Asker: 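Pasting in a structure now, in structure tokens, and then I'll have a few things to ask.
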Amino acid sequence: MFKELPSQVNFPRLEQNQIEFWRKQDIFKKSMQKEAPNGNYIFYEGPPTANGKPGVHHVISRAFKDVFPRYKTMRGYHVNRKGGWDTHGLPVELEIEKKLGFTGKKDIEKFGIAKFNKLAKESAFEYIQEWNEMTERIAFWVDLEDAYITYENDYIESTWWVMKSLWERGLLKEDYRVTMHCPRCNTSLADHEVSQGYKDDTKDPSVFPKFPANLENLVSKNIVKNKDREVYFLAWTTTPWTLAANSGLAVKDDAQYSLVEAAKRYNSEDSDLYILATDLLETVFGEDNYKIIKSFQGSDLVGVNYQPILKAHIPANEDISTAYRVISDEFVSLDDGTGIVHLAPAYGDLELGKKYAFPTLFSVNLSGEIYPEVMPLDSNEKIGPYAGIFYKKADKLISKDLLDNNLMFRETTLKHTYPFCWRCDTPLLFFAKSSWYIKTTLVKDKLISNNQAINWYPDKIKNGRFGKWLENNVDWALSRERYWGSPLPIWVNKDGSKNHCIGSIAELEELTGKDLKELDLHRPYVDEISFEIDGETYTRLPYTVDVWFESGCMPYAQWHYPFENQDKFVDNFPADYICEAIDQTRGWFYSQHAVATLLSDSGDPKTGRAAGVLAQKGIATDTSDFKNVICLGHILDEKGLKMSKSKGNIVDPWEVLNVQGADALRWYLFASSPPGDSKRFSANLVNETLRDFFLTLWNSYSFFVLYANLDKPDLKQTVAIDNRPEIDRWLVAKTHKLIKDISNLLDNYDPTNATRTIRDFVVDDLSNWYVRRNRRRFWKSESDTDKLSAYKSLYETLVVITKLIAPMAPFISEELYQNLVLSQDTSAPESVHLAAWPEYDENLIDKDLLRDMTALIKIVELGRSARNASKVKIRQPLPEVLVRVKSTEELAGLKHLEDQILEELNVKKVSYLDVHADFVDYSVKPNLFLVGKRLGKLIPEMRKQLANIDGKTISANIRDGKNTIIELAGQEHSFEPEAFLLEAQSPDGYSAVEDRGYLAALNTTLSPELIQEGLSRDIIRLIQNARKTAGLEVSDHINLALTAKAEVLAAIEAFKDIIAFEVLADKILINQEIANSHSENLEIEGKVFTINLKKS
RNA sequence: GGGCGAUUAGCUCAGUUGGUUAGAGCGCGUCGCUGAUAACGACGAGGUCAGUGGUUCAAAUCCACUAUUGCCCA
């Protein structure tokens, strides 16, 4: 017996029951402990942060993370699913700052780092409850009891070990780094903070400073003849405040520049000599407002010196002897400005500054105030006129003075895009600060080649977004001036000339001679640790580490490698599968790829770069740490806009989980669109999934359970496939093909087409064809092989589907499994998630049968269409249907399945048209797929010819396998039979429908016998309705009395036995009544009759 | 501002190397079916395949530009 099913299924409640069952029986643990003949399948969990509420976008990545571990578990792999939590970083800090009403780092320092970090640590798990509930509710099986946590000492110690190994190989370096700096908050902003603050249409100065060129250089370069008149390089900038920090000018090598005479100052009468790009003369000076004296290449200017226009703040170690000269570089554009670019390395042009060895000079400090040293060149004051002035305010003053001193041609304004501090709206400074880097550019080739071994889904990411990102690799800026994060383990001596990287707590204990087992490795405690080497005291640099670096260390740090779990690490590296959203290309995808590449680096004998630790230990050589990755698109709202807190359009997953359920949500997320695409999300669409797929599956399942419980067929008995009717063998073939297809799709990381294929099978093949076609076989009264075959076939298919949907829809799968499988076989695994994936038998996939059934379905569709057109209802039997298919094989196959046509179309006879019957007219088209390339321009001519040719000739040729000769443009061409597409026209006298070579034509002539039979079927239908109205069970037998006249009476008499059989009537009384019975007065096409029925 | 994607019916999506009449589900309308009934079948309306230009005998598909939108970077 199967468990009886409620008339209405409540999926969310059903799912809650499964959660209980899994929890009670500890199924998840068992799934990780069960026998795994195929070894490990390794999954890495990219850690989410629990300091915010989980949303639908978290559900999608967790659903995709879950599906393959489940699949591989059923496939006989062991899948360790260690969870993890990302706890550090700026978002956590900002949350605390917001709560405390802080506006910047000063507030944090005043408040105390210890107290601040304590709050940060607490808030890291503020929403852990919500996360745990969501994780369990959507059945994301992940081991959260044993999860790694990035703030734990063990985790941090492993990241130290990684950094130390890089430091030992000389891959860590200190250098300037241009950061986006907010002078008001006095802090650098993280990239994502910066990108929040870009504003279009920002009004800024647009100024043209005049740098006096070294005339001697110009004479020697033959640009001017003598030193009589001053010549100015005319540059352009939107940041006058950086002019004091200028240390070079850049031109474009292959562009033309000119020496011109033009106004001394915009619109003035007097003139000066300038050098600038020829193409920009008109834009700068205006039409006819200049006189070209001489033209030359940009490259001719390289090496020319010039005079600075303001004094700068010069750091002690900077050498200004290389400053103030012209260089050329590709980046210079002639789109705007003058073609001469002012370089201020400290404020954005750092890379170029390095490339051309310019000193890094400063004009403003980190608070955005102008340094006192900034003053006119000829001034000898101690304190300059702009000292302490906020840089934006200083712009005007500086410009005015330069204009007055004839060092600026023009001052105007423009509108462009500029970044602002998202917090306080202050315009940001590009500012060069000291920072620690990982020299990833040294292994750039390996980053690129290791990427080639990764399977990306969608694959365009590999050489697209991710590949391009790797090709443009720059050194990884590692250090951050923050508080709540992994500390950078670099200690320096007093003057900073020597540094030492710590790789473990033990090492620190050794150097300090203290027991540090209880030390919290976070700031401020770790900052207090200092030690001596060779008599010098070392203190820690107060940096934290980029959180992405920590996440990239996850494969090692999750095991506290190499301090513990050495075997476990080796067994779990690299990952077979990871999955995150597209925004992680430059986040976790990159960070772990980069760390793995660095650690598995086989080294470079040419440059003497040592091999990475993993390569040295022989654990891994030149590899990434993941093999397959699904890169998800983002979830958008119903209107296609991205979900964000500020827009208030975030969908709470619980709204869907509580109504449609987790399986419907999961299925929708898999099926709705390819994983890499962004998805519009709406509860309506989840509901559609529920009705379309899950309710249809449930209907087929409950149909089976209902009749199996009535009939109690012995499902243990075997029925050989050969002894089953064709329709059952078809279902078996379809089912085995389905197993094959779904296995292939999941092996290729394609849950989208897997779910879509299952859906099509369940809805189209199983429910709307097999179950609908075979209902009568289940409720017929005799128990024979045919009936058992039907039960067996449907049962086997339902069990297969149960297992195939298990990875995607774990709940309903479990529900079906418990009832369908465990009720029959108590020795089966106790959960579907402990069961084996179904195997398919290639021999059972009968390709001919599948093809024939496809033709049959096509013919039935056409026949129904013809029925519709003829206006004769299906209940009315018709004498004949005329059928034509496209090939002789299909024709032969269809004859086997003739019964299906008779029943489905309710006709008495099927007649077959020969594929090339002579009395049918054909229209002929060229098969362009075959002859298109061959004919090329002759195709229009071919079409014209075919329109005039009698289709019968070609049809006859095709039947006889002969070529057809057609004259095109005066030349004879010979066409093989396959070169044509034939379409048959309807023969006369039939109600026919034709489509692409298939045809079904109904003979609608009705005999009195047929009319009577049609009438009898109407009567049956009305009696069935009456049974239902009377509240009878499907299996109840009845006594029946019918009162009627004339035609109706005649039909009842003629079909009495069939009526009795169909409506389960033990006896039928004619023109009598049954006492205390259910009674109805009815009519058929105006003819009245009465039904009396009673349960017998 | 730069890079990478997306844009096909009211909605969500298919559409192989360019080649027959661009398909499916939902929704809508009409009709049918009634022992799966929170179903099912048929038919219909609904498409300038985002737009413009190009290549080709032939373009949703290839190329260029534009628009809208998403992500990443500045």
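Each chain gets a letter, A, B and so on, in the order its sequence line appears, and its residues count up from 1. Quantities reported herein were computed from a predicted structural model and do not represent experimental measurements.
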Asker: Rounded to the nearest Å, what distance is computed from the CG atom of residue L1002(A) to the P atom of nucleotide C43(B)?
Answerer: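 That distance rounds to 13 Å.
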Asker: Set out, line by line, the N/O atom pairs under 3.5 Å between protein and nucleotides 13-16 of chain B.
Answerer:
unit_1: C13(B); atom_1: O5'; unit_2: S672(A); atom_2: O; d: 3.3
unit_1: C13(B); atom_1: O3'; unit_2: R756(A); atom_2: NH2; d: 3.1
unit_1: C13(B); atom_1: O2'; unit_2: R756(A); atom_2: NH2; d: 3.0
unit_1: A14(B); atom_1: O5'; unit_2: R756(A); atom_2: NH1; d: 3.3

Asker: How far apart are the closest heavy atoms of L731(A) and S793(A), and which atoms are they?
Answerer: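 Looking at all heavy atoms of both residues, the shortest contact is CD2-O, 3.7 Å.
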Asker: Calculate the interatomic distance between I582(A) atom CD1 and G5(B) atom P; express it in whole Å.
Answerer: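 Result: 10 Å.
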Asker: Which atoms form the tightest heavy-atom contact between G863(A) and A1000(A), and what is the distance?
Answerer: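 Closest approach of G863(A) to A1000(A), heavy atoms only: N-CB, 3.7 Å.
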Asker: Is there a donor and acceptor pair closer than 3.5 Å between the side chain of R465(A) and the base of C71(B)?
Answerer: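 In this structure, the two groups form a donor-acceptor pair.
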Asker: Ignoring the backbone of L685(A), work out which of U37(B), U12(B), A42(B) is nearest its side chain.
Answerer: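 Taking heavy atoms from C-beta onward, the closest nucleotide is U12(B).
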Asker: Side chain of L695(A) only, please: which of G35(B), C71(B), A38(B) is the nearest?
Answerer: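 Output: A38(B).
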Asker: Consider the side chain of K468(A), meaning its heavy atoms from C-beta on, and name the nucleotide among G27(B), G41(B), G3(B) that approaches it most closely.
Answerer: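 Closest of the options to the side chain of K468(A): G3(B).
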Asker: Which string of ( ) [ ] | and . matches RNA chain B, if you list each base 5' to 3' and count Watson-Crick or G-U pairs only when both distances are under 3.5 Å?
Answerer: (((((((..((((.....[...)))).(((((.......))))).....(((((..]....)))))))))))).
Asker: Does R775(A) make a side-chain N or O approach to OP1 or OP2 of A36(B) shorter than 4.0 Å?
Answerer: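 Checking A36(B) against R775(A), a side-chain N or O does come within under 4.0 Å of OP1 or OP2.
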Asker: Within the 4.0 Å heavy-atom criterion, would you say N1025(A) contacts the bases, only the backbone, or no part of the nucleic acid?
Answerer: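 Sugar-phosphate, no base atom in range.
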Asker: Look at the side chain of R691(A) and the backbone N and O of T696(A), then say whether any donor-acceptor pair between them is shorter than 3.5 Å.
Answerer: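 No; zero donor-acceptor contacts below 3.5 Å.
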Asker: Answer with yes or no whether T696(A) presents, from its side chain, a donor or acceptor under 3.5 Å of a partner atom in the base of A39(B).
Answerer: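 No pair found.
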Asker: May I ask you to say whether E904(A) pairs ionically with R772(A), meaning some side-chain N is under 4.0 Å from a carboxylate O?
Answerer: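 Salt bridge present between E904(A) and R772(A).
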Asker: Mind calculating the distance between CD (E903(A)) and P (G41(B)) to the nearest angstrom?
Answerer: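 The distance from CD of E903(A) to P of G41(B) comes to 18 Å, rounded to the nearest Å.
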Asker: Could you tell me whether V1063(A) contacts a base, only the sugar-phosphate backbone, or nothing, with contacts defined as non-hydrogen atoms closer than 4.0 Å?
Answerer: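 The residue V1063(A) makes base contact.
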Asker: With sugar-phosphate meaning primed atoms plus P, OP1 and OP2, does E941(A) contact a base, only sugar-phosphate, or nothing at under 4.0 Å between heavy atoms?
Answerer: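 The residue E941(A) makes no contact with any strand.
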Asker: When rounded to the nearest Å, what value does the distance between P atoms of U7(B) and A14(B) take?
Answerer: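 That atom pair is separated by 8 Å.
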Asker: Side chains of L690(A) and V686(A): closer than 4.5 Å at any heavy-atom pair?
Answerer: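 Side-chain contact under 4.5 Å: no.
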Asker: Of the candidate nucleotides G35(B), A42(B), C11(B), which contains the atom at the shortest distance from the side chain of E861(A)?
Answerer: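 Looking only at heavy atoms from C-beta outward on E861(A), the closest nucleotide is A42(B).
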Asker: Give a yes or no on whether the backbone of A581(A) and the side-chain of H634(A) come within a donor-acceptor separation of less than 3.5 Å.
Answerer: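 Pair absent, no side-chain N/O of H634(A) close to backbone of A581(A).
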Asker: Nearest to the side chain of H634(A), heavy atoms from C-beta on, is which of C71(B), G25(B), A36(B)?
Answerer: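 Within the option list, the nearest is C71(B).
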Asker: Check whether any side-chain heavy atom of V629(A) sits under 4.5 Å from a side-chain heavy atom of I454(A), and report yes or no.
Answerer: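 Yes, side chains in contact.
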Asker: Taking the minimum atom-to-atom distance to the side chain of K937(A), which one of G25(B), G41(B), C57(B) wins?
Answerer: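 The closest nucleotide is C57(B).
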Asker: Could you tell me the separation between the CG atom of D459(A) and the P atom of G5(B), rounded to a whole number of Å?
Answerer: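 For the pair D459(A) CG and G5(B) P, the rounded distance is 11 Å.
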Asker: Write down the distance between CD (E471(A)) and C1' (G2(B)), rounded to a whole number of angstrom.
Answerer: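 Answer to the nearest Å: 16 Å.
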Asker: Expressed in whole Å, how much space separates the C1' atoms belonging to U68(B) and A22(B)?
Answerer: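 Their C1' atoms lie roughly 23 Å apart.
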Asker: Could you measure between the two C1' atoms, the one in G46(B) and the one in A9(B), and give it in whole Å?
Answerer: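 Between the two C1' atoms, the distance is 6 Å.
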Asker: Assess whether atom CD of E471(A) is packed by more than 12 heavy atoms of other residues, nucleotides or ligands within 6.0 Å.
Answerer: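 Counting neighbours around CD of E471(A), more than 12 heavy atoms of other residues, nucleotides or ligands fall under 6.0 Å, so yes.
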Asker: Work out how far the P atom of U61(B) is from that of A50(B), and round it to whole angstrom.
Answerer: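 Looking at atom P only, U61(B) and A50(B) are 8 Å apart.
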Asker: ring-ring contact (aromatic ring centres under 6.0 Å, His included) with F694(A): which of W667(A), Y701(A), Y668(A)?
Answerer: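 The single option meeting the ring-ring contact (aromatic ring centres under 6.0 Å, His included) with F694(A) is W667(A).
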Asker: Between C31(B) atom C1' and R864(A) atom CZ, what is the distance in whole Å?
Answerer: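 Atom-to-atom, R864(A) to C31(B), this comes out as 15 Å.
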Asker: For nucleotides U8(B) and G15(B), find the distance between their P atoms and express it as a whole number of Å.
Answerer: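 Pairwise P distance, U8(B) against G15(B), rounds to 14 Å.
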Asker: In terms of side-chain heavy atoms of S767(A), which of A36(B), C71(B), G35(B) is nearest?
Answerer: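 Nearest nucleotide to the side chain: A36(B).
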Asker: Does L706(A) or R759(A) map to a spot on RNA chain B nearer the 5' end, using the closest nucleotide for each?
Answerer: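 With L706(A) and R759(A) compared, the 5'-side residue is R759(A).
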Asker: Roughly how many Å apart are G27(B) and U21(B), using the P atom of each and rounding to a whole number?
Answerer: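 Pairwise P distance, U21(B) against G27(B), rounds to 31 Å.
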Asker: Is N927(A) near enough to U20(B) that one of its side-chain N or O atoms lies under 4.0 angstrom from OP1 or OP2?
Answerer: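 N927(A) to U20(B) OP1/OP2: no side-chain N or O under 4.0 Å.
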Asker: Out of C26(B), C57(B), G35(B), which has the shortest distance to the side chain of L1064(A)?
Answerer: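 Looking only at side-chain atoms, L1064(A) lies closest to G35(B).
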Asker: Roughly how many Å apart are U17(B) and U55(B), using the P atom of each and rounding to a whole number?
Answerer: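 Taking atom P in both U55(B) and U17(B), they lie 24 Å apart.
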Asker: What is the separation between atom CG on L928(A) and atom P on U20(B), rounded to the nearest whole Å?
Answerer: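 My rounded result for the distance is 7 Å.
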Asker: Expressed in whole Å, how much space separates the C1' atoms belonging to G3(B) and G47(B)?
Answerer: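 Here G3(B) and G47(B) have their C1' atoms 33 Å from each other.
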Asker: Please report the distance, rounded to the nearest Å, between CG in L669(A) and C1' in U12(B).
Answerer: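 One finds 13 Å between C1' of U12(B) and CG of L669(A), rounded.
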Asker: Among G41(B), A6(B), G35(B), which nucleotide sits nearest the side chain of N768(A)?
Answerer: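 It is G41(B).
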Asker: Please work out if L938(A) contacts a base, only the sugar-phosphate, or nothing of the nucleic acid, heavy-atom cut-off 4.0 Å.
Answerer: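 No contact.
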Asker: Whether R691(A) contacts A39(B) is assessed here as follows: a side-chain N or O lying under 4.0 Å from the phosphate OP1 or OP2. Is that the case?
Answerer: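 Yes.
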Asker: Counting only side-chain nitrogens and oxygens, does R1021(A) get under 4.0 Å of the OP1 or OP2 atom of U34(B)?
Answerer: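 So the side-chain polar atoms of R1021(A) do come within 4.0 Å of the phosphate oxygens OP1 or OP2 of U34(B), strictly under.
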Asker: If I compare all heavy atoms of P675(A) with all of I630(A), which pair ends up nearest, and what's the gap?
Answerer: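 Closest heavy-atom pair between P675(A) and I630(A): CB-CG2, 3.9 Å.
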Asker: Give a yes or no on whether the ring-centroid distance for F589(A) and W469(A) is below 6.0 angstrom.
Answerer: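 Ring centres of W469(A) and F589(A) not closer than 6.0 Å.
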Asker: Ignoring hydrogens and geometry beyond distance, is a side-chain donor-acceptor pair present between Y418(A) and D204(A) at under 3.5 Å?
Answerer: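 Result is no, nothing qualifies.
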Asker: Using a strict cut-off of less than 4.0 Å between a Lys/Arg side-chain nitrogen and an Asp/Glu carboxylate oxygen, indicate whether E903(A) and R773(A) qualify as a salt bridge.
Answerer: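 Result for this pair is yes, salt bridge flagged.
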